Amino acid sequence: MAIRKSKEDKVFDIINYSILFILVLIIIYPLYFVVIASVSNPDAVNSGSVTFWPQGVSFEGYSKLLGDSSIWTGYRNSLIYTTCGTFLSVITTISAAFSLSRKQLFGRNFLMGYFVFTMYFSGGMIPLYITVNNLGLYNNPLVLIILGMVSVYNMIIARTFFQTNLPDELFEAAEIDGCGTFQFFLRIAIPLSKAIIAVLVVFYGVAQWNSYFNAMMYISNKEYYPLQLVLREILLQSRMVEPPTTEGAIVDLIERQKYAELIKYGVIIVSSLPVLVVYPFAQKYFVKGVMIGSVKG
Amino acid sequence: MVKASKMRQRKDGFNHTPIWKRLRRDYVLYLLVLPAFIYIFIFNYIPMYGVQIAFKEYMPGLGIEASPWTGWDNFERFFASPDCGTLIWNTVILSVYQLVASFPIPIIIALMLNQCNSIGYKKFVQNVIYAPHFISIVVLIGMMQIMMAPNSGVINTLITALGGEPIFFFGEEGWFRHLYVWSGVWQSTGFNTIIYISALAGVSYEMHEAAIVDGASKFKRILYIDFPSILPTAVILLIMAVGQIMSIGFDKVYLMQNSINMPVSEIISTYIYKKGILDTDYSFSAAVGLFNNIINFVLLISVNGLSRRVSGNSLW
């Protein structure tokens, strides 16, 4: 541009860039700290001398962590729950959203009302708990895959997408060519909606990987614990246990705390690894999803 | 034009087809929506039916229907209990504090990002500030405890280096609300800027050019062009957030609770969990939950009406 920057604007730019830079530091530092603490000597970390650079590089935490079977069981469980849950969720959501996006559907408004109402009113925690129990799903790992299968919010996003990207004319043209509804869904709608499928995969996948609440409610067998519950035990419960009474219990408690101190940094890194790996991809589609969602459906 | 009128006829013709014919013609569409329909029925509508236990003395052995009715007993017990006032207060205050602290910041950051001339720098900042959104709550609180530990935490190291006394953040009830709210700001600010940034992208550049020609500085342009153009979005989001004041989430509060901060950290949802699931006082808990849900529902409906009147925008 030909217009020269005024002095005022230059000052503005400097302040603007600096504040944003400080913001970046505030966001990044805790994440960075966990990384350097995870490869530092545990004693140095505990004495508070690790601030900007790793001290006395040691991989003791990671090696302990490798031998911890509860973490790996949790990891495996979470991978299974996330993969199956996301797969199921995306299929159900996409097909329902496609159906509800078609204007010719008789009873479309009723069906939308049926779904949307649940966003505003629910039976609550206890009636749901009783329902799940009555279905015999308590302590059944299936519950973690099934619960949260359909998020009405995500369904509305997908429906908005279909409404704006699959015009009725397209459907009519396909129909004239002898294409049935199901064919149209499978051969035309799905291939044209890779973007929204990616959005849904990311939304459901990240939520599923990070959730602990359903597992805490419905799973009592530790074999079925997802990673987040294992993490909760390691990160948050080592210091909240009941006061020990016997000498053996005290020793045990101290041992547990020492162990937790040692592995907690590594465990944060390892547990966030899958999210970290998909982050560039996930970030892009999260943004896209929020934008589609902000257009009223 | 001819084509368009034909289309209209065709669509009109659609609607005059008898219902049973339409049902038969579109059976595939119904099949596609069926799984979601069944899921919602089982996990949302059956529990709504089950909410009647709030008016009963639910006994697992008898089931929902056979349990004896008790009328408003459970509600009366809740309102008469000394916890009631504290719980509602804790819930509202935490929620309002969170709203006040976390609402304006994303707007400011979005306005600042929008004025970044360097696309690379803007992208870099965005990439960083979205990241905390992907961290799980368990890890977030684990990290807070690490950073704020009384002896070894970085924050206390900094405080003592500056000559202050170390603070036991998790061991003082006064800190609970600040920790809850500001860690939430840390985690979600970046992500909440997305919606404003996309609204700002819609501002026409001609308006800015005209303002530049007239000698408006960047700051003036933010104040008189950018800010007014995202104001409608902000108003809607604010109204919606107010509608959710009483539905503050369970997950994070529960993990942050300990015996010391309990007087301020016990909110309605954590109370329901403890009374209902841990103490198996199902009916009482269901009553508290129903009370909370009805307030949420009424709040949302009224706020939605308000939003429609103020901005012409509403959720339905």
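Every chain is numbered from 1 and lettered A, B, ... according to where its sequence line falls, protein lines coming before strand lines. Keep in mind it's a predicted model, so treat the numbers as computed, not measured.
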>> Need one label for A:V24: side chain, backbone, both or neither, based on atoms under 4.5 Å from any heavy atom in chain B.
In response: both

> In terms of heavy-atom proximity below 4.5 Å to chain A, should B:I53 be classed as side chain, backbone, both, or neither?
Replying inline: side chain

>> Can you tell me which portion of B:T157 sits under 4.5 Å from chain A's heavy atoms? Options are side chain, backbone, both or neither.
In response: side chain

> So which part of A:N133 gets closer than 4.5 Å to some heavy atom of chain B, the side chain, the backbone, both or neither?
Replying inline: neither

> Passes side chain to side chain contact (heavy atoms under 4.5 Å, CB included), B:V128 versus A:L23? Steps please.
Replying inline: CA-CA 9 Å; B:V128 170; A:L23 180 77; over 6 Å; no

> With a 4.5 angstrom heavy-atom cut-off, which part of B:V28 approaches chain A: side chain, backbone, both or neither?
Replying inline: side chain

> Run the side chain to side chain contact (heavy atoms under 4.5 Å, CB included) check on B:Q145 and A:K264 step by step: do they pass?
Replying inline: CA-CA 11 Å; B:Q145 294 196 347; A:K264 63 188 176 189; over 6 Å; no

> Is a side-chain donor or acceptor of B:Y39 paired with a backbone partner of A:G148 at a separation under 3.5 angstrom?
Replying inline: yes

>> So for A:A282, is it side chain, backbone, both, or neither that comes closer than 4.5 Å to the heavy atoms of chain B?
In response: both

> Relative to chain B, which segment of A:I27 carries a heavy atom at a distance below 4.5 Å: side chain, backbone, both, or neither?
Replying inline: both

> What is the minimum heavy-atom distance between B:S285 and A:I126, and which atoms define it?
Replying inline: CB-CG1, 3.5 Å

Exercise answer: donor-acceptor pairs, residues 131-142 of chain B side-chain atoms, under 3.5 Å, sequence neighbours excluded:
unit_1 : atom_1 : unit_2 : atom_2 : d
B:S136 : OG     : A:Q228 : OE1    : 2.7
B:S136 : OG     : B:V139 : N      : 3.3

> What distance do B:L290 atom CG and A:F121 atom CZ have between them, rounded to the nearest 0.5 Å?
Replying inline: 5.5 Å

>> Heavy-atom cut-off 4.5 Å, strictly under: side chain, backbone, both or neither for A:L147 against chain B?
In response: both

> Of the backbone (N, CA, C, O) and the side chain (C-beta and beyond), which part of A:I146 lies under 4.5 Å from a heavy atom of chain B, both, or neither?
Replying inline: both

>> Using only atom types and a distance under 3.5 Å, with no angle test, would you say the side chain of B:Y45 pairs donor to acceptor with the backbone of A:Y114?
In response: yes

> Distance-only, no hydrogens or angles: does the A:N16 side chain make a donor-acceptor pair with backbone N or O of B:M112 under 3.5 Å?
Replying inline: yes

>> Less than 4.5 Å to any heavy atom of chain A: does that hold for the side chain of B:T233, its backbone, both, or neither?
In response: neither

> How many angstroms lie between atom CZ of A:R232 and atom CG of B:L255, to the nearest 0.5 angstrom?
Replying inline: 6.0 Å

> Any donor and acceptor pair, going by atom type alone, linking the side chain of A:Y212 with main-chain N or O of B:D251 inside 3.5 Å?
Replying inline: yes

> Between B:P35 and A:T92, what is the shortest heavy-atom contact and its length?
Replying inline: CB-CG2, 3.7 Å

>> Tell me which of these, B:V288, B:I195, B:I194, has more heavy-atom pairs under 4.5 Å with chain A than the rest.
In response: B:I194

>> Looking only at heavy atoms and a cut-off of under 4.5 Å, which of B:L237, B:I129, B:I42 has the most pairs with chain A?
In response: B:I129

> Non-hydrogen atoms of chain B under 4.5 Å away: do they reach the side chain of A:M125, the backbone, both or neither?
Replying inline: side chain

> For B:N117 and A:Y17, what are the C-alpha separation, side-chain angles and deciding distance, and is it a side chain to side chain contact (heavy atoms under 4.5 Å, CB included)?
Replying inline: CA-CA 10 Å; B:N117 299 74; A:Y17 279 55; 4.1 Å; yes

>> Between B:Y30 and A:F106, is the side chain to side chain contact (heavy atoms under 4.5 Å, CB included) condition met? List the steps.
In response: CA-CA 9 Å; B:Y30 294 100; A:F106 174 75; 3.3 Å; yes

> Is there a donor-acceptor pair closer than 3.5 Å between any side-chain N or O of A:Y279 and the backbone N or O of B:N127?
Replying inline: yes

> Looking at B:S217, B:G190, B:G153, which has the largest count of heavy-atom pairs under 4.5 Å with chain A?
Replying inline: B:S217

> Given the options A:F182, A:F33, A:F286, which has more heavy-atom pairs under 4.5 Å with chain B than any of the others?
Replying inline: A:F286

